[in-house]
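This is a predicted model, so every value here is computed, not measured. Counting begins at 1 with the first residue of the sequence.
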Amino acid sequence: LLQTSIFSPTRVLKISLFVYLNRDCAVSTFAEFTDNDSVLLVLNMTVDVLHRWWQLPYYWAGIKMYDLVAGSQCLKSSYVLSKSKALELFPMLKKDKLVGAIVYYDGQHNDARMNLAITLTAARHGAAIANYTEVVHLLKKPDPKTGQEKVCGAHCRDIITGQEFDIRAKCVINATGPFTDSLRKMDSQKTANICQPSAGVHIIIPGYYSPDNMGLLDPATSDGRVIFFLPWEKMTIAGTTDTPTEVTAHPIPVEDDINFILSEVRNYLSPDVEVRRGDVLAAWSGIRPLVTDPNSKNTQSICRNHIVNISDSGLVTIAGGKWTTYRSMAEETLDAAIKAHKLSAGPSRTVGLMLDGGKDWTPTLYIRLVQDYGLENEVAQHLAATYGGRSFEVAKMAQVTGKRWPIVGKRLVSEFPYIESEVQYAIKEYACTAIDVIARRTRLGFLNVQAADEALPRIVEIMGKELQWTEQKKNEELEAAKKFLHLEMGYKARSEQLSKTTEISLTAQEIARYKKRFYKFDKESRGFITTVDVQQVLEVIQIDENALHEILNEVDLNKNGQVELDEFLQLMSAVQRGQISDSRLAILMKTAEEGLDLRGPVSVDRSGGGV
C-alpha cells in the first residue's frame with residue numbers, strides 16, 4: 001500500500017468513478033483530494049465498455065477489490081454516489097447521460113519534494129551525495145580469480161566547474177531512469193537497449209476548472225490515452241499524453257499534445273465552462289522510462305513493474321517501476337547487489353524509516369508557525385507541508401515585511417505562498433541554479449511561467465548574494481532560467497498564441513466595436529496608442545510606469561514602443577478564439593470603456609419633468 005505522504009500516512013486521494021453512457025460508451029473516473037497541495041502519483045484502473053445500468057454495481061464490485069487487497073491498511077472504503085450527488089460534488093460536470101459514480105481512494109505526493117527528501121535523508125544517514133555530476137565512463141579492473149573485467153567505479157565530471165575525478169566502489173548501481181541504456185552501453189557496447197522512453201505532456205490551467213477537492217480521470221479517451229485534470233496547488237493539472245520519444249535532458253511540450261489535452265477536457269465539462277487555450281499557464285513534458293526485461297523470452301514486451309539486472313561485469317541496473325513501490329525497489333536492488341558482490345550489510349531499515357522533516361511534523365504544525373513567527377496562514381501551511389519539522393528553519397530566515405501583517409515572510413510573487421527565505425534555504429539543500437529554485441525547490445515554474453519569470457530577478461539577486469556571484473554570472477543564470485521557462489515549461493507555446501502572423505477573424509460588427517474602444521484611447525486618430533494615451537484614460541488608476549510598459553509590450557508585436565490598431569485587433573481576435581485569456585491590456589481597455597460609458601454626460605433634466 002502506498003505511503004501517501006512524505007511526513008504522514010494520512011493524506012489520501014479520493015477517486016470517484018463516474019459512469020457515463022456517452023457516444024463511445026466509455027467509463028470515466030474522477031479524483032477527489034482530501035489534501036490538494038501535491039501531485040497525483042499514480043492511478044491504476046482497468047475499465048471496460050459500459051452499456052447498461054446494471055454495470056454500475058458491476059464496476060462497484062470491481063472497485064471493492066481495492067479495499068480487499070489493502071486489507072487492514074485500507075485508507076477508506078469505496079462507495080456509490082447517485083447522479084445528483086455526483087453533480088453536487090462536481091458542478092462543472094457535463095450532465096448528459098451521467099448514470100452515477102463510485103468513490104475509491106489512492107495516494108498522492110509532491111514528487112520533487114519527495115525526491116529531495118529521500119536524498120537529504122540518505123545524506124543524514126551517512127551517504128555522500130552530489131548533484132550536477134555526470135558519469136564520463138565506468139572504471140574497470142580484472143578479477144584476480146577469473147581475469148574478467150569488473151566494474152569498480154566511475155570517472156565523473158562536475159558539470160558546473162568542469163573538474164573531473166574518479167569514484168572507486170565495490171559495487172556500482174545504475175539507477176538513471178530514462179538514461180538507463182547510456183550507462184549500460186558504457187559497460188558494454190553490445191548490450192541491447194531495454195528502455196523504451198515515452199513522453200507525457202501535462203498542462204496547468206486555473207483552479208476554477210475543478211472543485212477544490214475533486215478532479216477527473218478518464219482511462220479511455222478518444223484515441224485510447226489516459227486523460228485527467230486534478231486540483232493541485234490551487235491550480236488544476238491536466239494530462240497526459242503517451243508518445244514514443246528520444247531521450248533528452250530537456251524535453252519540450254508540443255502544441256498538438258497541449259491541444260489534445262484541452263480537447264479531451266472539453267468533452268467532460270458543462271457547456272457553461274469554456275475551455276480556452278489561453279488558460280494554459282504552464283506546460284511541460286516528462287519522460288517515462290518504460291522498460292523491457294532482458295531476461296524475458298519476449299524482449300519486446302513492456303515490463304509493467306521494475307527489473308533488476310546484473311551484467312557480466314557486475315553493473316547492477318534498476319529500471320522501470322514507479323513511485324508507489326520506490327522503497328521495495330530500493331530494497332530489492334540492494335539485496336541483489338549485496339548477494340552478487342558479497343557485501344557485508346545488516347538487515348534493511350526502510351520499513352518505518354521517516355524521511356527528513358517527518359520527525360517533528362504534526363497536522364497542526366502550521367499553527368505554531370503562524371503564532372511564533374507571524375507568517376500568513378497560507379504560507380505557514382505551505383511551509384509545514386513542504387518542509388515538515390524543517391519549516392522552522394525556513395521561518396527563522398524569513399525577512400520582516402514592514403507591514404502590520406504578516407510580520408515576516410516576503411512573497412516572491414503575490415499569488416503563490418513561496419517566500420524569499422525559501423531561496424536562501426534552497427541553497428542549503430544543494431540548489432545551485434535559479435532553475436533549481438523555480439522548478440525543483442519550489443514548483444513556481446510548473447504552476448505559472450509568467451509568475452516564475454517575474455520572480456526570477458529577485459531569485460537571482462538572493463542567490464547571487466548568498467553564493468557571491470559576479471554580475472556576469474547573475475546574467476547567465478537569468479538567461480538560462482528564462483530559456484528553461486521559454487522552451488521546457490511552455491512559455492514559447494503560450495507566447496506564440498499572439499504573433500505578427502495571428503489572423504484577424506472578427507466579424508465586421510466586432511471590428512467596428514473594437515475600433516470604437518481603441519479610438520477612446522487614440523483620441524487623435526493616429527492609428528496607435530502609447531503608455532501616455534493609456535495613462536490619460538486611466539487617470540483615476542495609479543499604474544506604475546514600468547508595469548504599463550510591460551502591459552503594452554505584451555501586445556506590441558513589432559516592438560516599436562506602441563500598439564497599433566491592427567495589433568489590437570489581432571489581440572481581440574485571439575481573445576475571442578480563446579487563444580489569449582489574461583491579456584492585461586484587453587481587460588484594462590474594456591474596463592475603462594465601460595467606466596467612460598457609465599460616466600457619460602450628466603443629464604440636467606429632473607425626474608418627472610421639473611421646472
#### Entry: Donor-acceptor pair between Glu393 and Tyr387 side chains, under 3.5 angstrom
no
### Contact summary for Gly374 and Pro406, nearest pair of heavy atoms
O-CB, 3.4 Å
### Task
Check whether NZ of the Lys or CZ of the Arg Arg443 lies under 6.0 Å from the centre of the six-membered ring of Phe446 and within 45 degrees of that ring's axis.
yes
### Message
Just so I know, are the side chains of Arg276 and Leu262 near enough to count as touching, which here means a heavy-atom distance under 4.5 Å?
### Response
no
## Note on the structure
Between Cys432 and Ile160 the two heavy atoms that sit nearest each other are CB-CD1, 3.6 Å
### Query
Which is it for Lys482 and Tyr491 under the side chain to side chain contact (heavy atoms under 4.5 Å, CB included) test, yes or no, and what are the steps along the way?
CA-CA 9 Å; Lys482 285 180 175 290; Tyr491 210 163; over 6 Å; no
### Task
Flag the pair Leu447 / Leu281 as yes when at least one side-chain heavy-atom distance between them is below 4.5 Å, and no otherwise.
no
### Query
How far does CG of Asn553 sit from CG of Leu548, to the nearest 0.5 angstrom?
11.5 Å
### Message
Check this for me, if you would: do Glu376 and Lys403 make a salt bridge, where the nitrogen-to-carboxylate-oxygen distance has to be below 4.0 angstrom?
### Response
no
### Query
Is it true that Lys234 and Glu378 make a salt bridge, defined as a side-chain N closer than 4.0 Å to a carboxylate O?
yes
### Message
What's the separation between atom NZ in Lys492 and atom NZ in Lys483, rounded to the nearest 0.5 Å?
### Response
12.5 Å
### Query
Does Thr364 use its side chain to pair, donor to acceptor, with the backbone of Ile367 at less than 3.5 Å?
no
### Query
Between Leu383 and Tyr425, is any pair of side-chain heavy atoms under 4.5 Å apart?
no
### Task
May I have the step-by-step check of side chain to side chain contact (heavy atoms under 4.5 Å, CB included) for Lys465 and Ile462, ending in yes or no?
CA-CA 5 Å; Lys465 183 178 180 180; Ile462 295 170; 6.0 Å; no
### Query
Are Glu476 and Gln472 close enough that a side-chain donor and a side-chain acceptor fall under 3.5 Å?
yes
### Message
Tell me whether Arg288 at atom CZ has more than 12 heavy atoms from other residues, nucleotides or ligands lying less than 6.0 Å away.
### Response
yes
### Query
Side chains of Leu353 and His125: does their closest heavy-atom pair fall under 4.5 Å?
yes
### Task
Return the orientation label for the Tyr514 and Phe568 ring planes: parallel under 30°, perpendicular over 60°, tilted otherwise.
perpendicular
### Task
Test Thr531 against Val534 for side chain to side chain contact (heavy atoms under 4.5 Å, CB included), laying out the working first.
CA-CA 5 Å; Thr531 54; Val534 177; 5.8 Å; no
#### Entry: Least distance between heavy atoms, Glu454 atom then Pro457 atom
O-CD, 3.4 Å
### Message
Does this structure show an ion pair linking Lys474 with Glu471, if we count only N-O contacts that are shorter than 4.0 Å?
### Response
yes
#### Entry: Full working for side chain to side chain contact (heavy atoms under 4.5 Å, CB included) between Ile438 and Met489
CA-CA 11 Å; Ile438 61 174; Met489 301 311 298; over 6 Å; no
### Message
Given Met114, which partner from the list Leu116, Asn110, Asp111, Ile118 fulfils the side chain to side chain contact (heavy atoms under 4.5 Å, CB included) test?
### Response
Ile118
### Query
Can you tell me if Asp436 uses its side chain to pair, donor with acceptor, with the backbone of Thr433 under 3.5 Å?
yes
### Task
Report yes or no: does Thr240 contribute a side-chain atom to a donor-acceptor pair with the main-chain N or O of Val201 at less than 3.5 Å?
yes
### Query
Between the side chain of Thr121 and the main-chain N/O of Ala117, is any donor-acceptor distance below 3.5 Å?
yes
## Note on the structure
Across all chains, not counting sequence neighbours, the salt bridge (Lys or Arg N to Asp or Glu O under 4.0 Å) partners of Arg404 are none
### Message
Quick check for you: to the nearest 0.5 Å, what is the distance between Asp272 atom CG and Met92 atom CE?
### Response
11.5 Å
### Task
Report the distance from atom CG of Leu456 to atom CD1 of Ile435, rounding to the nearest 0.5 Å.
9.0 Å
### Task
Using a strict cut-off of less than 4.0 Å between a Lys/Arg side-chain nitrogen and an Asp/Glu carboxylate oxygen, indicate whether Arg458 and Glu420 qualify as a salt bridge.
yes
### Task
Flag yes if more than 12 heavy atoms outside Lys473 fall under 6.0 Å of its NZ atom; otherwise flag no.
yes
### Query
Phe90 versus Leu269: any side-chain heavy-atom pair under 4.5 Å?
yes
### Query
For the atom pair CG (Leu585) and CE (Met572), what is the distance rounded to the nearest 0.5 Å?
9.0 Å
### Query
Ignoring hydrogens and geometry, is there a side-chain-to-backbone donor-acceptor pair from Ser421 to Val394 under 3.5 Å?
yes
### Summary
Distance col, row Asp556:CG vs Ile551:CD1, nearest 0.5 angstrom, shows 13.5 Å
### Task
Using atom types as modelled and distance alone, determine if a side-chain donor or acceptor of Ser270 lies under 3.5 Å from a backbone N or O of Leu93.
no
### Glu567: salt bridge (Lys or Arg N to Asp or Glu O under 4.0 Å) partners, not counting sequence neighbours
none
### Query
Does Glu466 come within less than 4.0 Å of Lys428, counting only side-chain N to carboxylate O?
no
### Message
Below 30° counts as parallel, above 60° as perpendicular, anything between as tilted: where do the rings of Phe416 and Tyr418 land?
### Response
parallel
### Message
I want to check something: taking the side chain as every heavy atom from C-beta on, are Ile204 and Asn448 in contact at a cut-off of under 4.5 Å?
### Response
no
### Shortest non-hydrogen separation from Ala199 to Ser285 and the atoms involved
CB-OG, 3.7 Å
#### Entry: Short side-chain donor-acceptor distance under 3.5 Å, Tyr430 and Thr119
no
### Task
Dump the intermediate steps for salt bridge (charged side-chain N to carboxylate O under 4.0 Å, His left out) on Lys85 and Glu88, then the final yes or no.
CA-CA 5 Å; Lys85 187 63 177 178; Glu88 179 184 336; 3.5 Å; yes
### Task
Please name the pair of heavy atoms, one in Ala426 and one in Arg441, separated by the smallest distance, quoted to 0.1 Å.
CB-CG, 3.6 Å
### Query
Is the side chain of Thr401 donor-acceptor paired with the backbone N or O of Lys410 at a distance under 3.5 Å, no angle test?
no
## Note on the structure
Between Ile287 and Val247, the two heavy atoms sitting closest are CD1-CA, 4.3 Å
### Task
Please tell me if the side chains of Ile419 and Leu375 come closer than 4.5 Å, counting only heavy atoms from C-beta onward.
yes
### Query
Got Trp361 and Met354 here, is their nearest side-chain heavy-atom distance under 4.5 Å?
no
